[in-house]
Amino acid sequence: MSILDKFTEQASRGIARKTSRRSFLTRLGTVLVGAAAIPVLPVARSAGAQSGEAMSQDPGDPTSCDYWRYCALGGLLCSCCGGSATSCPAGSEMSPVAWVGTCQNPADGRKYIISYNDCCGAPACNNCGCNNNEGEKPAYRPQLNNGILWCLGTEKQTYTCTTAIILGVALDDAG
Amino acid sequence: MARSLSMTSSKTGQAGKWALVLGLAAMVQACSPAEEEATPGDFPEPLAAEELMVVETLPADYPDHYLVVGDWDHRFSVIDLTAEKYPVLGNIGTSQESIFTKSATGFLTASTYFSRGFYGERTDVIAFIDPTTLLPTGEIELPQGKRGLFVPVNGMTELIDEDRLLLVFNFTPASSVSVIDMENRAVIAEIPIPGCSLIYPLAGRSFATLCSSGSIVSYTVGDDGAAASETISERFNDIENDPIHEKYARLGDIDYFPSFDGNIQPIDMSGDIAQPLDPWPLVSSREHAEGWRPAGWQLIAALDGRLYVLMLKDGSNGSHEDPGTEVWVFDAAAKARYGRFKLETPGSYIAVTGGEAPLLAVANKENGIDVYDLAGAHQRTLRISYNPAINWLYALK
């Protein structure tokens, strides 16, 4: 948690120094989305998305790179290695910080913010590798970049695989 | 055997016949051409006994067609692009997310190790590697746990001021740069670079970094290693609509960055402050409409006034890291395309070697390395190991 506080503080300071007020607020929103994920990501919410009744609203095969949530996933799928789109395999540790993408659900047409939390500390099991980059930005906008090993704030930092967890519905950027 | 034969006197004739058949078969086998016994013949002297413990070394002055290849199996391979079958001359062992750097006097690797392999106490080190033996000769321990762990890309570890300073990009996720005095082999400072990523060398003791704001920020390193100055450029990078890749190629003092939407952004790095120049298009209007875009990971290389860019047709949101299918060659001074050629196999990494017979190396999507001449004639496909996962090509000159 302290690492994220420091990140948010420094990122905010840096962003405030270098951007206009309006774009600062847009970007602060992006940072805060990531921040909100850390303490409040409830297991219950993700379990609901996978329950029998909700299956039709979350279509597709989570072991396939074409699964709608993976639109900005660059890495190995936890769902092919003992985990799932929303959980880490046994023996690994989930990182509290991640990059985010915005993916459209083909079932309900909504654009969801997806948090691509890495699982860390166990050997990688390379069954399913994906290189999807919708909306992905270069490393100078790290919150939207999937080339970074996001095993930060974890005790173990080797890369195992990546999840794709719904944070919420994307707000319309009316510009 | 003889006793059992005599016990059945009525079958003696038959047994004898079988003995003859088997005996003849044995004789035929002994005399068949496939099993002719070798004799000294023309070689009256045996092969000499050989020396044990011989280890190869590489030449002090590498030929122009050598290249260093990084891959996810914890190694950097020194390879010969003109080899017909097995190009590897030797491998340097490292960790994951290691970065290779060439200095005027040797090689450096930046690595991150855990005391129990996948977990345990973390150690970040710069190792000095002798280019002729490929053995480590020394190391500098970095501030623990700070070194950025990225898919290998330029700008993670850079030398400036004629190799007097080594800069290492940290990401915790706070961004900063560790400054290492190479003469004393000591970490002397850490410069925070909030909101920015990666290191782009400028002249002397200066470096620049690309920022989330759309600017490039230039720092000059003071004698104590701390930032003596910081200059923020005008915003030039339209990150929402046409961001520049963080990968580039250098011609003279200008760094060329391809952009997502098909432009090239030159930045003048000749002084101590980075100066973005006017971008120009890599694609005509028609080509842009057809979706031609730069694509790949290590997607641009440069040599002798020309840029070599990996390109893909029908580009879309998210295609900027797909393997390119063609190489387009640009004359940087003329700001115009000079030529283009199709790749044997689409690829995501391109590097160029110079000298009298320059070569282009493309790491393709099947993890082979395709070698071309500068006109695009395919020379050979090399494999550096059984199933490598190549992650960067390090040109040496």
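So that the names make sense, note that chain A is the first sequence line, chain B the second, and so on, each numbered from 1.
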Taking only residues two or more places apart in sequence, or in another chain, which ones meet Cys81(A) in a side chain to side chain contact (heavy atoms under 4.5 Å, CB included)? Cys125(A), Asn127(A)

Assess the side chains of Trp68(A) and Asp58(A): does a donor N or O sit below 3.5 Å from an acceptor N or O? yes

Is the shortest side-chain N to carboxylate O distance from Arg293(B) to Asp261(B) below 4.0 Å? yes

Could you tell me which portion of Leu198(B) (side chain, backbone, both or neither) has an atom closer than 4.5 angstrom to a non-hydrogen atom of chain A? side chain

Pairs of heavy atoms under 4.5 Å with chain B: top-ranked of Ala72(A), Pro138(A), Cys120(A): Pro138(A)

So what's closer than 4.5 Å to chain B heavy atoms on Ala122(A): side chain, backbone, both or neither? backbone

For Glu321(B), is it the side chain, the backbone, both or neither that has a heavy atom under 4.5 Å from a heavy atom of chain A? both

Among all residues two or more places apart in sequence or in another chain, which pass the ring-ring contact (aromatic ring centres under 6.0 Å, His included) test with Tyr159(A)? none

Short N-O contact, Glu97(B) and Arg147(B), less than 4.0 angstrom: no

Do you know which of Gln96(B), His245(B), Lys247(B), Arg122(B) has the most heavy-atom pairs under 4.5 Å to chain A? Arg122(B)

